[in-house]
Amino acid sequence: MAPKPQKRKRTKHAKTKMTLPVSEEAEPLNMESMGHPEIYPLVLTTKTQEIFNCRVDEDVTEEQPYKLIKKEDIFVDFANRAAVSDFYPVKKIVQEYPGDELLLVYDRDFKYGLNFYLIGTEEGKENYLNPPELPEEQEEYKDHIPEETYIYRPPISKPWVSLGSEKEIEEESVKESTKQITYMISRKRSEFGAPIKFSDQNASSVKDAYIECTAYSDKNFTLKQLERDVGMQVVPQIKETSTQTRWTHPKNAATQYYPREFLEEEKEALGQSKTLTEFLNSVSTSVEIALQQNEIMNTFIHDWKCLAEEEGTFGDKTDTHLKEYQSFTDLHSLTEKMITCVSWHPVIYGLIAVSVAVRLSFEERVHFSGKLLLQPSLILFWSFSDPIHPQLMLESPDDIFCFQFCPTDPNIIAGGCINGQVVMWDITAHADRIENIKAGGSRSKKVTLKPMFLLEPESNKEAIYIRHCAVSSIESGHRKVITDIHWLPDTFEINRLGNVFENRSGISCQLVTCSADCTICFWDIRPQKALTPQPQAEKKKEESIEIPFDIPSTFLHLDLSWKPLSKIRLSKGETTLDHCPTKLSLSEDNLLFKAQEKILAQSKAVKAGEMNPYQNLENALSNILKPIDDFCTKFFVGTEEGEVIYTDWKMERDPETGRFMECGITMR
C-alpha cells in the first residue's frame with residue numbers, strides 16, 4: 001500500500017506550500033464497495049481513445065460498448081507517456097494481469113462515475129463476454145431485484161506525522177524586518193484635567209507660532225515617471241491663392257437644317273410593307289399601356305423633392321401622396337378582415353391574388369374560436385375588369401398569412417396558415433376561367449397577352465370556391481404562424497442533410513417556410529419511397545376511399561401526413577433563447593421565375609393533351625442524384641427583433657458526438 005497524502009498545516013498569517021514524496025504507484029480506484037472488486041473506473045481522454053482505437057460512438061457504441069486491448073500496447077504507452085498515461089492509476093493491475101488482453105468497457109451512463117472502466121480479472125472478463133444464463137423464474141424477477149446500496153464509510157483520523165513541511169511554512173511566513181520606533185509623550189501632572197481656553201492671535205506677532213513648510217526635493221525618494229499624459233493638436237498649413245478665368249467676347253451663331261423626307265413612291269411601298277404592319281401590331285398593346293400609365297401618374301415629377309414635405313404643407317394632401325387607382329371590395333367575405341399577403345399572377349396581367357384574415361388578437365381568437373370555424377378562410381383572385389366580384393376563391397382550413405405561386409406551374413399554389421400548417425391548391429381545372437390569351441392580327445402569328453384591365457367585364461360569371469388539395473400534418477410541422485414561404489427553383493433539390501443535388505425532373509418540388517416558433521422547415525411534395533411494402537389490405541382501404549369530385553387528386557398522398565424534409569432551429573449561441581424568423585431571402589438566381597414563353601409553352605402542352613408533370617410526381621423521384629459542387633447554401637433571415645442573420649441550411653457533423661448539427665449563425 002502506498003502512503004496516504006499528509007494533511008497540511010495552516011496558519012493565519014501566510015499561505016503554505018507542501019511538497020509530498022512521490023510514490024511509485026498510487027492505489028487504483030476500486031468498486032469493491034458496490035460489489036464489483038474486479039472493476040476499475042478510468043477517464044480516457046480523446047488522445048488516449050485515438051491511440052487505443054476506442055473512440056466514443058465510432059469504435060465503441062451502445063450496441064458494442066467494449067474493446068479488447070493488448071497488454072503490450074499498454075506497456076508501450078507507459079514507456080512513451082509515463083505518468084501522463086490514463087492507464088497509470090491501474091499500472092499494478094495491468095502488470096499482475098495473467099492474460100494477454102484486457103477488457104475495456106465504455107460506461108455510457110456513468111454507472112461507476114467515469115466514462116470507461118477496466119475489468120482486472122479473467123473471471124470478470126468471461127462473465128461479461130459470456131454472461132451465464134438465468135433460469136426462467138429468475139429472469140421474470142430480474143427487474144425487481146434491487147441493486148446493492150452504497151455503504152458510506154467515514155474517514156478514520158490518524159495522528160499527524162511530520163515530513164518536513166513545517167520548515168517550508170516557517171520560510172514562507174512573514175517576519176518583521178524593520179526596526180520599531182518608540183515615541184514617548186509627557187506632560188505635567190498638574191495639567192491633567194485642567195480647563196482649556198482657546199483664543200485667536202496673530203501668527204506673525206508671536207515667535208515660533210508660524211512655521212512655513214516649503215516643498216523641496218528629497219534625494220532619498222526619487223521616483224521614475226513611467227506614464228505621462230501629453231496632449232497634441234495638429235493644425236494644417238493654410239495657403240491662400242487666387243486665379244482668374246479668361247473671359248472671351250460672346251458671339252451669336254445660328255444654323256439651319258432641313259428634314260429628310262421620303263418620296264411618294266417610297267411612302268406607298270412602306271404602307272404596303274408586311275414588316276411595318278407586324279411591328280405596329282406587336283407594339284400597339286405596349287403603347288396603349290404606356291399611354292394609360294401616363295394618365296395615371298405624372299412621369300415628369302421630381303422624385304427626390306417628393307421624398308419629404310415642407311412644414312407649411314402639414315396636413316395637406318399634395319402630389320407627394322400616392323393616388324388610388326383601383327379598389328377591390330367583396331360585399332360578402334371581406335367584412336372586418338385584414339390583408340395578409342398580396343401577389344400578382346406570374347403570367348396573366350391584371351390578375352392579383354389576395355389573402356385575408358380576421359383582425360383579432362390571440363385572446364379574442366381563443367374566445368371566438370367556435371364562430372371562426374364557421375367563417376371560411378380565403379385567397380381571392382381579383383381582376384381589374386371586375387373590382388366587385390372575385391374570379392376565384394381558394395378555401396383553407398385556417399387564415400392564410402403568406403402564399404406563393406409555383407415557378408414551374410402557376411396553377412399550383414402553396415400557402416402558410418396561422419396554425420403552422422402548409423396548404424396546397426391546384427387550380428388547373430379552372431385555368432380557362434382566368435386566362436385571357438388573344439391572338440394578334442391576321443398577318444401576325446405571334447401570340448400576345450392582352451391586359452385584363454383593357455377587357456370588358458363579364459358579369460355573368462359567378463365566384464367559384466376551390467377547396468385545398470392537401471394540408472400538412474399539424475403534429476410534425478410548425479407550432480405557430482408561418483410568416484414566409486418560398487418555392488425552391490427547378491434547377492436543384494436538397495436532401496435531409498441539406499446537401500444540394502441536380503434536379504432532373506425539371507419541375508419545382510420543394511418548399512421552404514419560416515415560422516414564429518423559431519424554426520425553418522424544408523418540404524418535398526413528392527411521395528416518399530416506403531422502406532417496407534404496404535399491405536394489400538391498406539391498399540384496398542385507400543382505393544375504397546371516395547374522393548370528392550371538386551378536389552383534385554394531385555397532392556392526395558400528402559393530405560394530413562405531410563412532414564417536413566428537414567428542420568432548422570435558429571439558436572442564439574450559448575443561450576437557451578432562439579431567433580424568431582419573419583422573412584427569408586434566398587439567392588436571387590434561385591428565385592427567378594421562368595420566362596413567360598416557357599410557361600405558356602407548358603400550358604399549351606397541357607391543353608394539347610400531354611400529361612401534367614404534377615399529376616405523376618412519382619416519376620420525379622430519382623434513385624441516383626448528381627451532387628452540385630460549389631453551391632452556395634447560405635441565405636438571409638429577418639428576425640422579429642429587427643436583426644438580419646446570415647446562416648446556412650447545410651448540416652455539419654459534430655466532431656465530438658458524431659451527430660449532424662445545424663450550422664451556427666455566420667453573420668449578424
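Only heavy atoms go into these numbers, but all of them, side chains included; no hydrogens, no water, no symmetry mates. In this text the structure is predicted, and so the values were computed from the model without any measurement.
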Audit row: T639, C580, side chain to side chain contact (heavy atoms under 4.5 Å, CB included) steps and yes/no: CA-CA 5 Å; T639 64; C580 182; 5.7 Å; no

Evaluation steps, side chain to side chain contact (heavy atoms under 4.5 Å, CB included), between D100 and K70: CA-CA 6 Å; D100 295 334; K70 294 183 178 181; over 6 Å; no

Audit row: I39, K111, side chain to side chain contact (heavy atoms under 4.5 Å, CB included) steps and yes/no: CA-CA 11 Å; I39 292 177; K111 182 177 179 181; over 6 Å; no

K583 and T483: CA distance, side-chain angles, deciding distance, side chain to side chain contact (heavy atoms under 4.5 Å, CB included) verdict: CA-CA 7 Å; K583 287 294 179 181; T483 56; over 6 Å; no

Worked verdict on E493 versus R526 for salt bridge (charged side-chain N to carboxylate O under 4.0 Å, His left out): CA-CA 12 Å; E493 61 180 277; R526 295 170 294 187; 2.8 Å; yes

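In plain terms, the two heavy atoms of V423 and C417 that are nearest each other are CG2-SG, 3.3 Å. The minimum heavy-atom distance linking P564 with K567 is given by the pair CG-CE, 4.4 Å. Counting all heavy atoms, side chain and backbone alike, S396 lies closest to W425 at CB-CZ2, 3.6 Å. Shortest non-hydrogen contact noted between V471 and P397 is CG2-CG, 4.1 Å. Here the closest heavy-atom approach between residue D484 and residue T582 is recorded as CB-O, 3.6 Å. The shortest heavy-atom contact between K125 and L68 is CE-CD2, 3.9 Å.
With rounding to the nearest 0.5 angstrom, the NZ atom of K563 is 12.5 Å from the CG atom of L558. To the nearest 0.5 Å, atom SG of residue C469 and atom CG of residue D559 are 9.0 Å apart. The distance from atom SG of C341 to atom CZ of F403, rounded to the nearest 0.5 Å, is 4.5 Å. For the atom pair I74 CD1 and Y97 OH, the distance stands at 10.0 Å (nearest 0.5 Å). Separation of atoms CD1 (I568) and CE (M651) is listed at 6.0 Å; rounding is to 0.5 Å. Here the straight-line distance linking atom CD of E170 with atom CD of E168 works out to 11.5 Å at 0.5 Å rounding.
In this structure the side chain of W562 reaches within 4.5 angstrom of the side chain of M424, judged on heavy atoms. Contact annotation: the side chain of L570 approaches that of P581 to within less than 4.5 Å [non-hydrogen atoms, C-beta and beyond]. V644 is not listed as a side-chain neighbour of V637, based on a closest heavy-atom distance of 4.5 Å or more. Side-chain contact between L104 and Y66 is absent, with no heavy atoms from C-beta onward closer than 4.5 Å. Residues L102 and L118 have side chains in contact (heavy-atom distance under 4.5 Å, counting atoms from C-beta outward). With a 4.5 Å cut-off on side-chain heavy atoms, L497 and S566 do not count as touching. In this structure, I412 and F405 have side chains that are not in contact, with every pair of non-hydrogen atoms separated by 4.5 Å or more. Within the 4.5 Å cutoff, no side-chain heavy atoms of V60 are placed close to those of P65.
Screening Y40, F78, F52 for a ring pair (Phe, Tyr, Trp, His ring centres under 6.0 Å) with F87, the sole residue that qualifies is F52.
Of the possible donor and acceptor atoms, one in the side chain of S515 sits under 3.5 Å from a partner among the backbone N and O of V481. Listed for the W487 side chain is a donor-acceptor partner under 3.5 Å among the backbone atoms of Q404. For H557 (side chain) and I525 (main-chain N/O), a donor-acceptor pair under 3.5 Å exists by modelled atom type. Using modelled atom types, no side-chain atom of D426 and backbone atom of P552 make a donor-acceptor pair closer than 3.5 Å.
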Let me check something: any side-chain donor-acceptor pairs from residues 506-514 under 3.5 Å, sequence neighbours excluded? List them with distances.
residue: S508; atom: OG; partner: T408; partner atom: OG1; Å: 3.0
residue: S508; atom: OG; partner: L488; partner atom: O; Å: 3.2
residue: S508; atom: OG; partner: D490; partner atom: N; Å: 3.4
residue: Q510; atom: OE1; partner: I494; partner atom: N; Å: 3.1
residue: Q510; atom: NE2; partner: I494; partner atom: O; Å: 2.9
residue: Q510; atom: NE2; partner: D524; partner atom: OD2; Å: 3.3
residue: T513; atom: OG1; partner: H478; partner atom: NE2; Å: 2.8
residue: T513; atom: OG1; partner: W523; partner atom: NE1; Å: 2.9

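Crowding of E640 atom CD: a count of heavy atoms from other residues, nucleotides or ligands under 6.0 Å not exceeding 12. Atom CD of E652 has 12 or fewer neighbouring heavy atoms from other residues, nucleotides or ligands inside a 6.0 Å radius.
Using the six-membered ring where Trp is involved, F522 and W649 have ring planes that are perpendicular, over 60° apart on the 30 and 60° scheme.
Remark: the T121 side chain and the E123 side chain contain no N/O donor-acceptor pair separated by less than 3.5 Å. Under 3.5 Å, the side chains of D648 and T633 contain a donor-acceptor pair of N or O atoms. Side chains of E50 and T46: no donor on one and acceptor on the other come within 3.5 Å.
Pairs engaging residues 71-87 under the side-chain hydrogen bond (donor to acceptor under 3.5 Å, both in side chains) rule: T45-D86, T48-R81, T48-D86, D77-R81, D77-S85 [sequence neighbours left out].
Taking F116 as the reference, Y106 meet the ring pair (Phe, Tyr, Trp, His ring centres under 6.0 Å) condition, with sequence neighbours excluded.
Salt-bridge formation is not detected for the pair K67/D59: no Lys NZ or Arg NE/NH1/NH2 atom is positioned less than 4.0 Å from an Asp or Glu carboxylate oxygen.
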